[in-house]
Peer 1: 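Shown below is the structure under consideration.
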Amino acid sequence: MPSKLLSMHDAIAAHVHDGESVAIEGFTAFICFAAGHEIIRQGRRELTLIRMTPDLLYDQMIAAGVARGLVFAYLGNPGVGSLHCIRRAVEKGIPRPLELEEYSHFGLVARYLAGASNLPFYPLRSYAGSDLPSVNPRIRTIDDPYGSGPIAVVPAIHPDVAIVHVQRADAQGNAHLWGLVGMQKEVAFAADRVIVVAEEIVDEAVIRADPNRTLIPGLIVDAVVCEPYGCHPSYVQGYHDRDNDAYLEWDAISREQASTDAWLDEWVFGVADRAEYLAKLGEERLEKLRPRPALAGPVDYGAYG
Amino acid sequence: MPSKLLSMHDAIAAHVHDGESVAIEGFTAFICFAAGHEIIRQGRRELTLIRMTPDLLYDQMIAAGVARGLVFAYLGNPGVGSLHCIRRAVEKGIPRPLELEEYSHFGLVARYLAGASNLPFYPLRSYAGSDLPSVNPRIRTIDDPYGSGPIAVVPAIHPDVAIVHVQRADAQGNAHLWGLVGMQKEVAFAADRVIVVAEEIVDEAVIRADPNRTLIPGLIVDAVVCEPYGCHPSYVQGYHDRDNDAYLEWDAISREQASTDAWLDEWVFGVADRAEYLAKLGEERLEKLRPRPALAGPVDYGAYG
Amino acid sequence: MTPNTYSPSEMMIVVAARQLAGARTVFVGVGLPNSACNLARYTVAPELELIYEAGVYGARPARLPLSIGDPSLVTGALAAVSMADLFGLYLQRGLVDVALLGGAQIDRFGNLNTTVVGDYASPKVRLPGSGGACEIATNARSVLMIMRLSKRAFVRKLDFQTSPGHLTGGDARARLGLPGGGPQTVITDKALFDFANPQREMQLIECYPGISPADVQAEVGWPLRMAEIVGETPAPSAEELRLIREELDPQGLYR
Amino acid sequence: MTPNTYSPSEMMIVVAARQLAGARTVFVGVGLPNSACNLARYTVAPELELIYEAGVYGARPARLPLSIGDPSLVTGALAAVSMADLFGLYLQRGLVDVALLGGAQIDRFGNLNTTVVGDYASPKVRLPGSGGACEIATNARSVLMIMRLSKRAFVRKLDFQTSPGHLTGGDARARLGLPGGGPQTVITDKALFDFANPQREMQLIECYPGISPADVQAEVGWPLRMAEIVGETPAPSAEELRLIREELDPQGLYR
C-alpha cells in the first residue's frame, strides 16, 4: 500500500478546510501544537474547534481568528489559570465573537463514544440539577425503557477532522499510544478524517509486536505526519515533559491582544514549520524536558505455529 | 492492606452461593475451567450461568446439574461442533430443564458495558429484522431522541459474581491482561463480586511498571487465586496453547450423559483440586502446549521528578 | 487429490476468495471462510486485512487457526482490542467491507437461521444461536454467505430468523434503517447466487463445472430465480490450488 | 514560616486531609486538593488510592504534579485508562468514595458555579466551565468542597448552577435520582462546614484558631446556620506541617 506519510504542511493543506469542524485532542498530554500552528499559518477561517479542554493551543488559534465556534467542556491554562484569549473572544468579541457549545468532560467523552461507534446518542448520569442543559439544547433527557427513571443523553459527534498525536505509528497510521490515552481513540474513530502525528515512524513489525498497544488502526487514518516534539509545550509520555515555563509565560503574553499577536508573529508566522520552531527554541531547552527512562516490564504474546 | 489471596476452594466457598448468577468469561481464551470444576465439586445448585459463548466448561457444569438458567449468545464447541450436554438439557431436559435467555454477542457485550458503567441500558445497532426480540422481552426498541429513528437497547446486567482469569495479578487483584481481552474488563466492572484467577502472582511493582496494561483494578476484586494452567484446555496468551485434543475428545464424551458423568467422576470429582488435575494430565501434555516466546517491544513511560 | 481435480470445499474456498477482490477489510469466520480470506490476500485482494470478532484487526496467523479465537490470530496482529471495541468501533462504525456468514437455514431473501430447528421453546435441534451474526448481518457493508446446498438448508420459510438478510425483499432493509448493504452473494458447493435484482431475491448466476441449473433447483426449497444468463464458474486454477494445499492448509484440515 | 505558625493554605490542606480518614478512593484535583490527598495517605488514610480524571487510578507521583494530567501521575500508577473508562467504570460505577471540588460560587446547599459570573450569553467573567465537576458532583459517594471564604464566593444565589449539591435541600437529590451522596463538608481558609441536618443546609461546625463565628458570617452572603456547638478546629500538628513542608511540597508551590 502507498505510504500515508506527509509533511505537516501537506497534511493540513489536504485535510483541513475552511468552515470545517476540527478536533485536536489530548488531555493535557499529546496536544499537537505543531498542527494547530500550521492551521494558523495556512490562514484557515470559520472553523468549529472541538476539544474537551481548550488549552494554550486553542487560545492561540482563537486569538489568530481561525474559529467561529468552540465545542468544549473546560477552559483553562492547566495548573496556571485562565485562557485570556478565549475569554477576550467570549467576553468582548475580540478578535471576533465565538459561538460556544458547552458540555462537561464526560458529556463530550460520551459524544465521542457515540460518534466512534455510530450510535445516535449516548446516555450518562450527569446534568440532572445542572443549568447546562438550559444553555445547550443538545443535552436531552430520556426515560429508561426499563423503568429506572430519566437519564441524560448527548448526541454523537463526528468531527470533519481529528488530529491525534501518538508516540509511534507506522507509515499506514497504525499507532501505539500509552500514558494518558484520554479520548484519542474515541475522537479518531468518531471523525470523518484522521491525521496521525507521531514522535517516531516505525516499521509495521514494531506495531505488530504489541497489538494490544494499538489504539488507532491505519484503517481509519488519512495522513501520517512525523513531527518529534510536535506537542511542545505540552508533553508526550516517555518522550518529553511539559514545558511549564511556556505555560506560565503564556499567562502574561495572552493578557493583551497586542502581545498575543506579537507572539504569533514571532513563533507561528515567523517560522516556516516545526523544525524552525524547535531550532528557535533551542536544543538546550528541549534537552531539559527529556525524562529518565522507566521501561514497562516484558510481556510475552507467545509464538504459536 | 491484607492480601486477598485464597485457594480456589476457599474463593468459591466464600463467593459463589446457590441461586446466584455467575459469569465465567473469556472469548475462547482465559476460560477458567479450574473455577468451574470447583463449583461442580462444591455441589452448587440453581445457578444462573452467564457467558457469551458457553464452551466445554459450561457444558460440563450444566451436565453436572449446577444451573437452572443460562444467559448466552452462542453455544458451540469452538472449531469442533455442538455442545451436546447443553443441547440435551434444552432438547430433553437432561439432567434438568434449562431456562435460556438469549442474545447476540454484541447484545451481551452491551449488557456488560451498561452494567460496568452503571447505565440502565445500552443501545446497539442490531436485532431489527431478527426474531430474537420476540423470544427475549429484555431486548427492546426506543426512539433516538435526536430523530434518527428506532434503535435496539438491552438492559444492564450485574452478575453476582464474575470469575476472570488473567496472566498476572498482584495480591490485591490489580491485573494485567493481554491478547484477546474480550469482555473481561466489562464483566468484572459489571459484577457485584469479582474473583481474579492468575497464572502468576506478581509484586505490585510489576503492575505499576505498565499501568496501561492493567484492565482490572484491585479496587473491584474480592479474591485472588493463583492457578497456573487454570484455563486448560482453553488457553492463555503467551502462557499456553489450547489443548485441541481435549476439545475433540469432548465431542465424543459428551454425546451421552453416562459417558459425561464418567468423565466428571474422573476429572472433576476424582481430583481434589487443580494441582491434582494437572498431575493427572501429566507434565508432558502441558509441555507441548507452551509456545515459543514472542516478546512485545519496549515501551518507555519516563521517570519524571 | 491430483492437480487436475479438486474437492467441493476447495471450490468453495476459491469462489469465496474471488468474491473478495478489491475488499479492504473482511470479517472472518473460521474454517472455510478463513482459508478463503487468506487465499484472497495471496491473489485478488493483497491489501485485505482480516478482522475477527474475537477482537483482532489485521491478523497474520502463523498457522491455520483452530477457532476464531486462536492465539495465533493475536501474535503479530495490527491490533488486539476488546469485543466492545471490535463490535462498536470497527463493525458498527461501518469499517467492515465484507463479512462471511453461514447458517443452518437460509431463505430466498438471504435471511439466516442459526438458532433452532423446530419450535423455539421446544426445539427439535438447538443450534448455536446468533453469536455475532445478527449485528454482522446488520452492519457489514456487504455479506457473503457460504453454505452447502441442500433442501434442508435452502428453505421456503425459516424456523427462526436469527439474522437479517434482505428481509421481505426490495428496499425492506433500508426502510427498517439497517446500515449495512445485506447479502451480496451465496457461495455453495455447487453454484453461485447473487441478489442483483430489484426484489433482492436470491438468483442463480453460475453453476460450477459439471452442475446444471436443474441439479441446483433440486436442492433448493423454492422455485429458484435464474439470472438471464447462468454462466459456468471457472474451476480453481493450478495456482489457487497450490496456495491452498501448500501455503494455507498443508495439513488439509478444511479441504 | 516557623514551626509554630502556619499559612491558611497549610491549614486547608491539613483539614481536608483529616476529612479523608477511612476513605479508600479519592478523586483528586490539582494544587491544594492534591497535597491534601497525599497528606491523608501519610496520616489518616494509608490505604487511600488517588484517582485523577485524566485517567489514572492509584497514582504515586514522584513529584508534586503540575496539573491533573501530569506525566508523573502515570509512571508507577496502578492503572492508566481512557477517560471514557475513568468516568464510566470508575466514577459512574460508584467506585469513588470522596471527590474534592471547588468553584467560583457556592450556595447554601452546596451547589456550585464554575461557568460564568453574570449572564451566560454575555458574561462579566467567563469561568472555566464544568470540566468533570458536574458528573463528579452527581456520582461520587461524597463530595468535599475546598474554597476560600468570601462574600463573592459564598452567595445567596448562583449566577449559574454548574454542578449539583443538595439542590433545593432536603431529599431533593434523591428525588431527582442522583446516585451520589452530595456535599458533605466545605473546607475554607477560616472555618469548616457540614450539611448534617434534615434540610441539607450548609452549617458552621468549626472555626479555625483565632476566628469567630461573626468573622465567618461576615464572609458569607446569607444568614449562616450554626451547629449547636461550634468548635475550634485543632491547628496543624508539627508532624502534619513537617510532611507538607518536607515530603509533599518542598518547593512550596501550594502553601
Side-chain angles (χ1 to χ4, degrees), chain A residues 26-29 52-53 72-76 78-80 82-83 86-87 89-91 100 102-107 109-110 112-113 116 124-132 134-135 148-151 178-186 215 234-238 240-242 244 247 291 294, chain D residues 30-31 52-56 65-76 80-84 86-88 91-92 111 113-116 118 120-139 158 160-165 167 172-173 176-180:
Chain A
F27 191 81
T28 74
M52 285 174 54
T53 56
F72 76 103
Y74 188 85
L75 303 168
V80 179
S82 283
L83 292 175
I86 293 178
R87 282 187 58 184
V90 173
E91 295 167 12
L100 296 186
E102 183 162 5
Y103 298 88
S104 59
H105 277 163
F106 195 24
V109 165
Y112 289 143
L113 278 168
L124 71 159
R125 295 192 188 276
S126 191
Y127 300 127
S130 167
D131 288 340
L132 278 167
S134 72
V135 297
S148 74
I151 186 160
W178 60 95
L180 294 181
V181 295
M183 66 316 275
Q184 301 286 65
K185 177 179 74 179
E186 291 80 5
L215 295 197
S234 147
Y235 78 94
V236 174
Q237 190 83 39
H240 65 89
D241 200 352
R242 167 163 132 159
N244 206 46
Y247 278 79
Chain D
V30 83
Y52 288 80
E53 65 182 312
V56 178
L66 295 169
S67 81
I68 53 168
D70 197 89
S72 70
L73 298 173
V74 174
T75 306
V81 306
S82 70
M83 293 185 77
L86 198 286
F87 280 107
L91 177 65
Q92 194 168 264
N111 303 298
N113 174 19
T114 55
T115 303
V116 285
Y120 182 81
S122 50
K124 222 176 319 179
V125 183
R126 175 62 231 198
L127 300 166
S130 163
C134 186
E135 39 268 4
I136 295 166
T138 300
N139 291 286
L158 302 177
F160 190 94
Q161 185 159 312
T162 313
S163 303
L167 301 169
R173 268 186 81 92
L176 209 58
L178 300 195

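We name chains A, B, ... by the order of the sequence lines, and we start the count at 1 in each one. Nothing here was measured: the structure is a model prediction, and the numbers come from that model.
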Peer 1: Can you find a heavy atom in the side chain of Asp241(A) that is under 4.5 Å from one in the side chain of Pro291(A)?
Peer 2: no

Peer 1: Counting heavy-atom pairs closer than 4.5 Å to chain A, which one of Gly131(D), Ala133(D), Gly129(D), Ser67(D) comes out on top?
Peer 2: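 Looking at each option in turn, the highest pair count goes to Gly131(D).
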
Peer 1: Need one label for Pro123(D): side chain, backbone, both or neither, based on atoms under 4.5 Å from any heavy atom in chain A.
Peer 2: both

Peer 1: Quick one: are Gln161(D) and Leu132(A) in side-chain contact, heavy atoms under 4.5 Å?
Peer 2: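 No; the side chains remain at least 4.5 Å from each other.
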
Peer 1: Any idea which of Met183(A), Gln237(A), Glu186(A) has the most non-hydrogen atom pairs under 4.5 angstrom with chain D?
Peer 2: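 Max contact count across the listed options: Gln237(A).
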
Peer 1: Go through the atoms of Ser122(D) and report whether side chain, backbone, both or neither lie under 4.5 Å from a heavy atom of chain A.
Peer 2: neither

Peer 1: At a 4.5 Å cut-off on heavy atoms, which part of Thr138(D) comes close to chain A: side chain, backbone, both, or neither?
Peer 2: side chain

Peer 1: Using modelled atom types and a 3.5 Å cut-off, is there a donor and acceptor pairing between side-chain atoms of Gln92(D) and backbone atoms of Arg125(A)?
Peer 2: yes

Peer 1: Side chain from CB out, backbone as N, CA, C, O: work out which of these in Tyr120(D) comes under 4.5 Å of a heavy atom of chain A, or both, or neither.
Peer 2: side chain

Peer 1: For residues Phe160(D) and Thr114(D), determine if any side-chain heavy atom of one lies less than 4.5 Å from a side-chain heavy atom of the other.
Peer 2: no

Peer 1: Between Val116(D) and chain A, which part of the residue has a heavy atom less than 4.5 Å away: side chain, backbone, both or neither?
Peer 2: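 For Val116(D), there is no contact with chain A at all, as no heavy atom is under 4.5 Å.
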
Peer 1: What residue in Met83(D), Lys124(D), Glu135(D) has the most heavy-atom pairs under 4.5 Å with chain A?
Peer 2: Glu135(D)

Peer 1: Under a 3.5 Å distance rule, please check whether Tyr127(A) uses its side chain to pair with a backbone N or O of Ser104(A) as donor and acceptor.
Peer 2: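 Yes, Tyr127(A) side chain to Ser104(A) backbone: donor-acceptor pair under 3.5 Å.
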
Peer 1: Name all residues meeting the ring pair (Phe, Tyr, Trp, His ring centres under 6.0 Å) criterion together with Tyr52(D); count only those two or more places apart in sequence or in a different chain, and write none if there are none.
Peer 2: none

Peer 1: So which atom in Thr28(A) and which in Ser234(A) form the shortest heavy-atom distance, rounded to 0.1 Å?
Peer 2: O-OG, 3.4 Å

Peer 1: Using non-hydrogen atoms and a 4.5 Å limit, figure out which bit of Asp70(D) sits close to chain A: side chain, backbone, both or neither.
Peer 2: backbone

Peer 1: Pick one of side chain, backbone, both or neither for Leu215(A), based on which atoms fall under 4.5 Å of a heavy atom in chain D.
Peer 2: neither

Peer 1: Enter the distance from Ile136(D):CD1 to Glu53(D):CD here, rounded to the nearest 0.5 Å.
Peer 2: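 Spacing of CD1 (Ile136(D)) from CD (Glu53(D)) equals 4.5 Å.
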
Peer 1: What is the distance from atom CD of Glu91(A) to atom CZ of Arg126(D), rounded to the nearest 0.5 Å?
Peer 2: 9.0 Å

Peer 1: Please flag which part of Phe106(A) lies under 4.5 Å from any non-hydrogen atom of chain D: side chain, backbone, both or neither.
Peer 2: both

Peer 1: Which answer fits Leu127(D), side chain, backbone, both or neither, if we ask what part of it has an atom under 4.5 Å from a heavy atom of chain A?
Peer 2: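 For Leu127(D), the contact with chain A is made by the backbone alone.
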
Peer 1: Please classify the contact between Leu113(A) and chain D as side chain, backbone, both or neither, with a heavy-atom cut-off of under 4.5 Å.
Peer 2: side chain

Peer 1: Tell me, out of Val81(D), Asn111(D), Val125(D), who's got the most heavy-atom pairs with chain A below 4.5 Å.
Peer 2: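 Top count of heavy-atom pairs under 4.5 Å with chain A: Val125(D).
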
Peer 1: Would you mind checking which part of Thr53(A) comes under 4.5 Å of any heavy atom in chain D, side chain (CB onward), backbone (N, CA, C, O), both or neither?
Peer 2: neither

Peer 1: Using a 4.5 angstrom heavy-atom cutoff, name the option from Gly177(D), Pro164(D), Pro128(D) with the most pairs to chain A.
Peer 2: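 The candidate making the most pairs under 4.5 Å is Pro128(D).
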
Peer 1: OH/Tyr235(A) to CG/Leu180(A) distance, rounded to the nearest 0.5 angstrom?
Peer 2: 4.0 Å

Peer 1: Please look at Ala128(A) and chain D and tell me whether the side chain, the backbone, both or neither of the residue comes under 4.5 angstrom of a heavy atom of that chain.
Peer 2: both

Peer 1: Less than 4.5 Å apart, any side-chain heavy atom of Met52(A) and any of Phe72(A)?
Peer 2: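 Met52(A) does not reach Phe72(A) side chain to side chain.
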
Peer 1: Given the options Val90(A), Val135(A), Val109(A), which has more heavy-atom pairs under 4.5 Å with chain D than any of the others?
Peer 2: Val135(A)

Peer 1: What residues form a side-chain contact (heavy atoms from CB on, under 4.5 Å) with Ser134(A), not counting sequence neighbours?
Peer 2: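 Ser134(A): side-chain contact (heavy atoms from CB on, under 4.5 Å) contacts with Asp131(A).
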
Peer 1: What part of Leu66(D) is in contact with chain A, defined as an atom under 4.5 angstrom from a non-hydrogen atom: side chain, backbone, both or neither?
Peer 2: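 For Leu66(D), heavy atoms of backbone and side chain both lie under 4.5 Å from chain A.
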
